[in-house]
Amino acid sequence: MDKRVRVRFAPSPTGGLHLGGVRTVLYNYLFARAHGGDFVLRIEDTDQTRFVKGAEEYILECLKWCGLIPDESPVVGGPYAPYRQSERKSMYKEYALQLINSGHAYYAFDTTDELEQMRKDLKTDEHSSVQYDHNTRTKMRNSLTLPADEVSELIAKGIPYVIRIKVPENQTIIFNDMIRGAITFDSNLVDDKVLLKADGMPTYHLAVVVDDYLMKITHAFRGEEWLPSAPVHLLLWEYLGWIGDMPQWAHLPLILKPDGNGKLSKRDGDRLGFPVFAMNWYDPAKDETTGGFREMGFLPQAFVNMLAMLGWNSGTEQEIFSMEELIQKFSIERVHKGGAKFDFEKAKWFNNQYIQQTDNITLAALALPYIKEKGCNPDGDFLVKVVALIKDRCTLLPDFWAQGHFFFATPETIDEGAFKDKWNEPKQQFFSSWINELNSLSDWTDVAIEESAVAHLPAFSLKKGDIMLPLRVMLVGGKYGPGVYHIAELIGKAETIARIQKVLAMLA
RNA sequence: GGCGCGUUGGUCAAUCGGCUAAGACGCCUCCCUUUCACGGAGGAAUGACGGGUUCGACUCCCGUACGUGCUACCA
């Protein structure tokens with residue numbers, strides 16, 4: 001008896017795909033999969049002035065990267081095509097007209113200037129924002145105030161008009177939100193939203209309702225910023241005679257700035273040094289690129305997992321979930337009501353967790369581009385060994401270079417300061433002498449190298465601890481990295497000796 | 001200004017009337033490691049505030065404060 005579950009993600013192609021957007025997709029996707037339903041992607045490109053070329057392709061690519069593939073979309077099509085609202089333009093007017101005929105909508109001929117004037121004139125200290133509603137519509141030029149013949153004359157003459165919804169007076173509009181429960185609005189405070197614009201395109205308000213109906217959407221999840229316009233949508237479902245088919249709503253909490261207040265925006269990312277978009281976004285109009293999580297070195301699984309936990313949790317202590325587990329355990333009812341401040345440190349922690357649980361061969365392939373970018377092209381098996389050794393200190397993919405560059409190339413800079421004040425003659429002599437010993441070492445393993453060093457130390461009255469730091473800096477360039485002898489083993493005999501000699505020469 | 005939504009440590013958060021208020025991130029201390037990291041052991045909340053209801057409230061109700069969203073022929 002129950003209808004097949006159908007959900008949708010309906011972005012407008014105006015720019016990069018924001019964290020919050022991806023999370024909305026994710027929750028939609030998880031819900032659809034959990035219920036054996038369909039996940040559709042619908043492009044809401046009704047505002048031609050804000051349309052950005054390439055944005056749609058970018059969104060598709062983001063979804064692909066995240067593994068959130070729609071079942072129906074402008075590219076793969078589907079039974080309810082087209083999936084771009086601009087291509088559905090002709091469908092909307094019919095419904096707007098239907099609303100006019102039933103008395104729930106009307107034509108309005110007010111120009112932008114007239115609207116502005118009205119808002120200015122009626123503005124008071126108490127009401128800083130005046131809306132076009134049951135109160136003001138009687139003072140404007142519309143089919144409610146104008147004689148019928150004049151209205152048809154204006155239309156016949158091609159005078160631009162919009163169609164507005166006629167919001168009823170003194171009604172309480174109630175609807176149930178899957179996350180927030182019952183939400184109540186006073187219809188007197190709801191304005192007569194434009195449904196059909198002068199250019200013939202629908203506004204979001206008409207388009208969502210018509211398309212959700214036509215596409216048989218059963219559950220509509222969207223950002224909390226839509227809550228205030230929900231009563232308009234509700235009224236539309238009712239007036240169009242579709243109320244029985246209205247989807248169940250869930251308004252998702254906002255993702256907020258880590259510091260200060262407000263919604264997280266692209267600017268905050270730039271300012272605080274972390275991405276806000278899923279992938280790099282190039283804005284052709286401004287000729288600038290905004291960084292994304294993908295390019296910063298996040299694994300898509302970690303990114304998705306992190307997003308899932310931002311506003312939802314399973315009620316257990318588990319934080320790491322595979323997509324399959326998320327599908328199984330996610331429930332919209334457990335989504336938080338309050339907005340969450342985005343914490344980039346926690347995001348990085350998720351990535352580190354995924355790096356640790358990824359096998360070294362896969363990891364080597366993921367790290368390789370970042371190493372090639374620096375001009376090195378290590379052998380595959382060698383890279384896998386290096387990855388195994390340094391992965392626990394890597395959080396983002398580029399860290400494989402930062403933490404392992406000395407495996408692929410001789411360090412360019414040497415942090416002499418790290419050991420120079422304790423450098424002395426015996427140490428100088430030890431290293432000069434020891435490299436000869438190393439040269440004849442047949443068993444080149446970390447254990448053998450260490451044994452060789454330990455055996456050679458007493459002759460110079462030195463202890464193991466005396467040479468550890470200098471040796472490390474000689475091989476690595478700084479005070480970091482895995483075990484020194486292990487590094488020596490991996491970079492090989494010739495390179496080890498060469499690096500020691502090089503620094504010795506510098507110090508002489 | 002109006003309306004909507006929210007409010008548990010710095011952050012994400014568990015708790016759905018019994019709390020000595022989980023856990024994670026981050027931070028700090030110590031251990032391990034003669035590097036760094038990992039790992040291990042610890043440290044830090046008078047549950048925004050004020051009233052109710054109740055044997056008992058972080059949990060329910062009301063008010064206040066604060067935050068946030070909307071208030072376009074943008075979504």
Side-chain angles (χ1 to χ4, degrees), chain A residues 10-14 44-47 49-50 108 110-112 115-116 119 123-133 160-164 177 179-180 183-186 188-191 193-205 207-208 222-231 251 253-254 256-259 261-263 306 309-320 334 336-350 352-353 356 390-395 399 403 418-419 463-469 471-473 476 478-484:
Chain A
S12 54
T14 54
E44 310 228 332
D45 55 349
T46 53
D47 185 1
T49 63
R50 293 212 312 155
D110 318 281
T111 64
T112 320
L115 287 171
E116 218 169 278
R119 292 198 171 103
K123 186 176 164 180
T124 60
D125 289 343
E126 253 125 58
H127 297 282
S128 62
S129 173
V130 183
Q131 42 185 30
Y132 204 118
D133 59 15
Y161 64 85
V162 299
I163 293 178
R164 286 180 182 272
D177 186 280
I179 297 172
R180 293 153 209 280
I183 298 177
T184 310
F185 296 90
D186 175 355
N188 290 342
L189 272 6
V190 177
D191 64 326
K193 285 260 182 295
V194 169
L195 265 20
L196 202 74
K197 301 187 261 189
D199 64 1
M201 277 288 195
T203 58
Y204 171 83
H205 308 292
V208 248
R222 54 173 18 170
E224 190 187 334
E225 66 268 29
W226 289 109
L227 214 36
S229 52
H251 290 86
L254 266 9
L256 309 168
K257 303 175 197 286
D259 64 336
N261 309 310
K263 229 184 354 177
M306 177 274 291
M309 301 306 288
L310 203 58
W312 172 84
N313 78 86
S314 68
T316 69
E317 286 183 15
Q318 185 177 356
E319 287 192 284
I320 303 297
R334 283 197 68 88
H336 246 250
K337 296 183 181 76
K341 289 186 183 174
F342 176 66
D343 181 5
F344 188 52
E345 292 304 320
K346 185 79 186 223
K348 286 196 290 190
W349 175 81
F350 274 103
N352 179 268
Q353 294 295 303
Q356 301 324 313
I390 63 172
K391 70 192 285 192
D392 65 353
R393 62 200 71 210
C394 292
T395 294
D399 291 343
Q403 295 294 330
F419 66 90
K463 285 182 201 145
K464 204 177 151 190
D466 296 327
I467 56 133
M468 293 288 280
L469 191 59
L471 178 58
R472 167 172 300 281
V473 177
V476 171
K479 300 199 293 182
Y480 57 92
V484 243

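Chain identifiers are assigned alphabetically (A, B, ...) following the order of the sequence lines, protein sequences preceding nucleic acid strands; residue numbering begins at 1 within each chain.
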With a non-hydrogen cut-off below 4.0 angstrom, is [X] in contact with a base, only sugar-phosphate, or nothing?
X        : result
A:Asp399 : nothing
A:Thr49  : nothing
A:Arg334 : sugar-phosphate
A:Phe350 : nothing
A:Gly338 : sugar-phosphate

Given [options], the nucleotide with the shortest approach to the side chain of [X]:
X        : options             : value
A:Ser129 : B:C74, B:U35, B:U71 : B:U71
A:Trp349 : B:C25, B:C38, B:A75 : B:C25
A:Leu115 : B:C73, B:A75, B:A37 : B:C73
A:Tyr204 : B:U71, B:A75, B:A13 : B:A75
A:Ile183 : B:C5, B:C3, B:C73   : B:C5
A:Asn313 : B:A75, B:C38, B:A14 : B:A14
A:Asp47  : B:C74, B:G10, B:G69 : B:C74
A:Ser12  : B:C5, B:U15, B:A75  : B:A75
A:Gln131 : B:U71, B:C25, B:U15 : B:U71
A:Ala198 : B:C5, B:C73, B:C25  : B:C73

Kindly say whether [Y] contributes a backbone atom to a donor-acceptor pair with the side chain of [X] at under 3.5 angstrom?
X        : Y        : value
A:Thr395 : A:Lys348 : no
A:Lys197 : A:Thr46  : yes
A:Arg472 : A:Gly481 : yes
A:Asp177 : A:His251 : yes
A:Thr316 : A:Gln318 : yes
A:Asp47  : A:Thr49  : yes

Below the 4.0 Å mark, does [N] have OP1 or OP2 next to a side-chain nitrogen or oxygen of [X]?
X        : N     : result
A:Lys263 : B:G67 : no
A:Lys197 : B:C74 : yes
A:His205 : B:A72 : no
A:Arg472 : B:U33 : no
A:Thr203 : B:A75 : no

Rounded distance (Å) that lies between atom [atom2] of [N] and atom [atom1] of [X]:
X        : N     : atom1 : atom2 : value
A:Asn352 : B:A24 : CG    : C1'   : 14 Å
A:Leu227 : B:G69 : CG    : C1'   : 9 Å
A:Leu195 : B:A72 : CG    : C1'   : 14 Å
A:Tyr480 : B:U33 : OH    : C1'   : 19 Å
A:Tyr132 : B:U71 : OH    : P     : 18 Å
A:Asp199 : B:C73 : CG    : C1'   : 8 Å

- [ ] Using a 4.0 Å cut-off on protein heavy atoms (strictly under), produce a 5'-to-3' string for nucleotides 18-23 of chain B with B for base contact, S for backbone-only sugar-phosphate contact, and - for none.
- [x] ----SS

State the [atom1]-[atom2] distance between [X] and [Y], to the nearest 0.5 angstrom.
X        : Y        : atom1 : atom2 : result
A:Ile320 : A:Gln353 : CD1   : CD    : 5.0 Å
A:Lys341 : A:Asp259 : NZ    : CG    : 8.0 Å
A:Asn313 : A:Arg334 : CG    : CZ    : 5.0 Å

Task: Of A:Ala340 and A:Pro228, the one whose closest RNA chain B nucleotide lies more 5' - done: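 Looking at the nearest nucleotide for each, A:Ala340 comes out on the 5' side.
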
Task: Residue mapping more 5' on RNA chain B - nearest nucleotide basis, A:Gly465 or A:Arg119 - done: A:Gly465

Task: Pairwise side-chain contact, A:Arg180 with A:Pro253, heavy-atom cut-off 4.5 Å (strictly under) - done: yes

TODO: Just need the stems in RNA chain B: three or more back-to-back Watson-Crick or G-U pairs, each with both distances under 3.5 angstrom, sorted by first number.
DONE: B:1-7 with B:65-71, B:10-12 with B:23-25, B:27-31 with B:39-43, B:48-52 with B:60-64

TODO: Assign the ring pair A:Trp226 / A:Tyr204 to parallel, tilted or perpendicular, where the plane angle (0 to 90°) is split at 30° and 60°.
DONE: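 Parallel, since the angle between the ring planes stays under 30°.
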
Task: Residues which pass ring-ring contact (aromatic ring centres under 6.0 Å, His included) with A:Phe350, listed by chain and number, not counting sequence neighbours - done: none

